[in-house]
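So the structure is just underneath, and the comments pick up after that.
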Amino acid sequence: MTRFDRRRALQAAGLGAASWFLPSAAQAGASAPPRRVIFIACELGWNPFELRMAPEGAPAEWLEASAYHPAWTERPDPRRWEIDLRTVGREALSSTLEPLFELREHATVLDGLSLASIALDRYGDGHAKGQLHALTGHPSARALSGSRSVSAAPSLDQRIAATLRAREPALTDLVSLELSIGRRLEYAAPYHARLYRRTEHGTIVAVPAEARPERLYARLFAGGVAAGETPARRDLLSALSDRYAHFARDLSAADRAKLELHRQLIRDAEVRLNQLEAVRCDAPPAPAPTWAGDFGDGPGFPREHFDWRREAHFDLLTVALACGLTRVATVQISNDEHELNLGTTDDAFHEWYSHGTDAPWHWFGVPGATVTRTQHDKYLQAAPGIAAKNRRQVEYAVDLARRLAEVPEGDGTLLDHTLIVLFEDISHGGHGHDQWPVVTLGGLGGAVRSGRYVRLPRERGNPGLNGLGQHVGVPHSHLLVSIAQGMGLSVNDMGVTEIPGTEDRPAISLSGPLSELV
Amino acid sequence: MAAGLLGCDAVLEAPLGPVASEREAPGPASRVGPARRLTALELANALEDAFPGVALPAAELPADPVPARFDGDIAAQQPSGLYVAAQRRWARAVAEAVVATSPCGSGAVDCAAGYVRDRAERLFRRPLTGDQLAAYLAPLDAPVDADERLRLALEMLLMAPEFLYRVPRAPSDGQLDAFALAERLSFFLWSAPPDDELKRAARTGALLEPAERARQVDRMLDDERSEAAFLRFICQWLDLGALERADAISPALRSSLRSASERFVVEGLWRTGARLDELFTSRRAFIDERVAERIGVPSPPEGAESELSARRGGWLTRPTFLMTHALPDKPSPVQRGNFVYDRLLCAPFPPPPPDAEMLAVVPDDVEVVTNRDYYAATTQQGRCNACHADMNAAGYVFEHFDQFGRWRDLDRGATIDDSGSISGHPVDGAAELSAWLASAPAVRACAAKHWLEYASGGGPLGSDLELRATVADALATLPLSRIPGLIALHPRFGRLGVEASP
């Protein structure tokens, strides 16, 4: 059992002399630790050639079949293979996955999923579709503007939060945390909203993310009388809640819904203050920002501040999970840091590096390839930049997993009862959504069999709608269902059950869990 | 004029058309209109009005989740936990700052009650009912010390729905009541709550008389806050906020460009009685040495107005527009042409297909020399040309201006072809395009649509075709500075009408 590394936590949180309670000790007597899930959402895709793995000695064709080789674009590939990560050496891991080595027994790599539900979606560009579907698995409601769309369904994190809160009255709105790391990230990714909740009136609204660790700290820990949260101030929230209810009485239905949501959020703040009194978890030292930007966090945001935000967010998240305050979290990570690393701007990073890593452009000169020399040259220059970005993102997931592994819980650690899920909005620079890798860390309380690289078959017929190819990987909807079920939700789909078939192609089921996960 | 108060940097960049068109259809008239939350600027101005002389902390509120062209767009405003937390933090900080000034001296209860009641009427923009008074005075009975009681009461006011939301009310036949009319007038013309004189006119009911309404509107337009509101509209319509998103522009240059653009709008258009056409043709400029050096024109004396050459008539040939519609290494006829159709003609192109960006590759067998060659090769092949034929044709006319807004005679040593077209009309160069836009009825109609949507929080007035036609006609003959008054005095502006939904 690993001890919680108090010193590092204090350093990351900005140093300080306040007490640091080992939060899980408070739950040591509990019957079974709760399960938690953390989604880490990134953007602009993978470099598949630096991620894919095949069993030792497998013919080259195995990798080609899964990597946009022209000979395989119109052919199914029913092969499925599995690599036991627990037994591989560091050198056997692909360069992108190499950071998993130390925690490989906790890792699961799912290679060959697809965001197939996108086939049902008419709205948004490739990024909008990927960012919206990754956690909703559901077609959008409408276009918001040329490239954006608005969700018609809640995202999985918010579904989990709503269900758990309904079941366990002791939980507060802190049951879910929405965090972001980067600039301009209240609704990160900076361009499209990923997270949506369903209000009591049934409307779907976007959920912003907290970009600033110091504010997250205030939400989590600055709830005591010393911070001014006196009983009188809690009464104030109660009175305000009543005023909102009164105010909304003669408004239109749409306005009532909006005001009722506002009232509910004020009520949440009141409930949180009351409930937090019962939580046996001392506050860590308040994080001290290294840079005083405003909500816009515009140009000038220093490179080092990304590290500070990530470390501080991860530490506070670890405490919130361990204390039982939080069960589900999302961490949205922008590309700003990578742009600064590469000395480029937002537009240029997107245009040059991401677009340049269009996977089929890898295969210049191969029979059947339609890639031009210009495209291939661009690919050769851009692909290493995206691979470096991918590797850092895996490092981030591992970094968070290490923190969880340092917190003892039950017979294991916090990581054993948590699942970290790392994903992108698109598969690769081509803006497609087939062959969409997912990396997980953790055991979700036994719901996930980890220590594996799983190559999934690409064999399903597809109507070819909305940019998906004729053959696609296993729909990620099954993964979402598995996670939902693992978290105790009684669901079997994400609101859509299948992609209808055509005369010559079977329907694609979007229902049921992902059997490969357990 | 403080740039921060203008809010030019607080606006997102989504096209307006699809958002507006998909709003809830207007329902039959009802007594209460849609709830519109105050913007960050409106909140700041409301506090200045309620607590004059107090050094107030700035509100750091998160942006709304749904991007909108105008920051007061009702459809974009959705509460969130993050918003409530930030707003609560801010309310506490404001209450602290106010109480620190000892507004009630030793904290006598009578003073505190009177003070809270008076602030409530200012913040809520109408007299309080008995119920409201009881609710908002209740914190003064809390078992804490006098200062804390006052802080609690002020915090409650600052988080109250009556403060944060504007809800127009119409007791009969859809005509706004006097307080609702006062509120609508002042937030449109000043981005601020009604001042004492306007409130007096509302309290007596005189504001509902046409003559008094006209007098009040004239008075408000004489106030410099109307300039700021005009600038705010122009900033958001023409997306001056793009400057804040442009990573490649240094902070110092960004500041200079913003100042030049804002001064052009206020000093070059509003104060001079310019019409809409001069937005596209005026050569008046207020650039500083930094901007002059960047675009390669003589540097004017510090703070002085200058006159640009005939190449640079109007907004579209100014460095702010040219630099924010370019890539770091080249000008973008796509972005420039798209802006013209979307923002100035209200004719946005449909969304690009998911793989559009991937198609933007120069084929191996195509020789590319100029920037125009590049865009023709990458965006006008196959199905892309369905949109890019028109979009690019409007953007190519700017090819003499590089990504820094500098004039160039040659592009990579080659002669520049700046011929293009707009809505089917051939135009050569940016000056001809600007001249065409200056006289185009479609531009006036588009400007009217935007102005009315700005005035009404994103839709209701903008969808009133009759009012839109009236404003569009006026834009052909009246100075821009008279348009807000025309809108404010129009009968439709004083009615609940199309805003209500059951």
Side-chain angles (χ1 to χ4, degrees), chain A residues 125-126 129 142-148 150 173 186-187 193 205-208 210 215 219 228 230 232-233 235-236 239-240 242-244 246-247 250-255 258-259 261-262 265-266 268-269 294-296 298-300 345-348 351 355 358 372-375 430-431 466-467, chain B residues 9 14-15 18-19 22 24 30-32 34-35 60-63 65-67 77-85 88 92 131 135 138-139 142-144 148 152 155-156 159-162 165 167 244 247-248 251 327-328 348-352 354-358 361-364 500-502:
Chain A
D125 66 10
K129 283 187 165 77
R142 60 184 174 89
L144 178 61
S145 67
S147 58
R148 307 179 198 196
V150 176
D173 58 341
E186 287 139 31
Y187 289 90
V205 299
V207 179
E210 181 56 82
R215 289 183 175 147
R219 273 183 77 201
T230 58
R233 195 156 270 110
D235 292 345
L236 198 70
L240 270 168
D242 293 343
R243 289 307 308 166
Y244 273 82
H246 185 85
F247 186 78
D250 62 347
L251 302 185
S252 69
D255 283 340
K258 188 181 288 187
L259 269 292
L261 175 57
H262 201 138
L265 293 164
I266 288 175
D268 279 349
D294 59 16
F295 261 87
T345 63
D346 184 20
D347 284 345
E351 162 68 22
H355 291 179
D358 190 2
T372 67
R373 164 64 74 181
T374 305
Q375 290 169 325
H431 290 61
N466 292 311
Chain B
D9 53 354
V19 178
E22 291 175 24
E24 208 173 308
S30 141
R31 290 192 315 112
V32 183
E60 287 190 357
L61 301 173
V66 182
Q77 297 180 331
Q78 290 174 356
S80 67
L82 210 59
Y83 178 88
V84 168
R88 182 163 179 257
R92 281 183 68 174
D131 278 355
V144 290
E148 179 68 352
L152 289 169
E155 279 178 51
M156 189 171 179
M159 295 177 68
E162 293 92 338
Y165 288 90
V167 180
E244 310 308 319
D247 288 353
L327 298 178
F349 292 98
D355 60 344
E357 291 169 317
M358 302 317 306
V361 173
V362 179
D364 281 351
S501 54

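Per chain, numbering begins at 1; letters A, B, ... match sequence-line order.
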side-chain contact (heavy atoms from CB on, under 4.5 Å) for Leu251(A) and Val167(B)? Distances and angles first, verdict last. CA-CA 9 Å; Leu251(A) 302 185; Val167(B) 180; 3.6 Å; yes

Evaluate the criterion side-chain contact (heavy atoms from CB on, under 4.5 Å) for residue pair Gln77(B) and Lys258(A); output intermediate values, then yes/no. CA-CA 9 Å; Gln77(B) 297 180 331; Lys258(A) 188 181 288 187; 4.1 Å; yes

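For the pair Pro139(B) and Leu236(A), the tightest heavy-atom approach, listed with the atom from each and the gap, is CG-CD1, 3.7 Å. Scanning all heavy atoms of the two residues, the minimum distance from Tyr244(A) to Ala160(B) falls at OH-C, 3.8 Å. Residues Pro34(B) and Asp255(A) approach most closely at CA-OD2, 2.9 Å, considering heavy atoms. For Pro79(B) against Leu261(A), the heavy-atom pair with the smallest separation is O-CD2, 3.6 Å. Nearest heavy atoms, Ala232(A) versus Leu152(B): CB-CD1, 3.7 Å. Of all non-hydrogen atoms in Ile266(A) and Val84(B), the two that sit nearest each other are CG1-CG1, 4.0 Å.
For the ring-ring contact (aromatic ring centres under 6.0 Å, His included) test, no residue two or more places apart in sequence or in another chain qualifies with Tyr83(B). Every side chain to side chain donor-acceptor pair (under 3.5 Å) that Asp173(A) has, sequence neighbours left out, goes to Arg272(A).
The CZ atom of Arg233(A) sits 7.0 Å away from atom CZ of Arg88(B), with the distance rounded to the nearest 0.5 Å. Atom CG in Leu82(B) sits 4.5 Å away from atom CD in Glu210(A) (nearest 0.5 Å).
Annotation: side chain of Met159(B) is not in contact with side chain of Arg243(A) (no heavy-atom distance under 4.5 Å). Residues Leu259(A) and Pro161(B) have side chains in contact (heavy-atom distance under 4.5 Å, counting atoms from C-beta outward).
Ring-plane geometry between Phe247(A) and Tyr165(B) is classed as tilted, the angle between the planes lying from 30 to 60 degrees on a 0 to 90 degree scale.
Proximity to chain A (any heavy atom under 4.5 Å) is shown, for Glu162(B), by both the backbone and the side chain.
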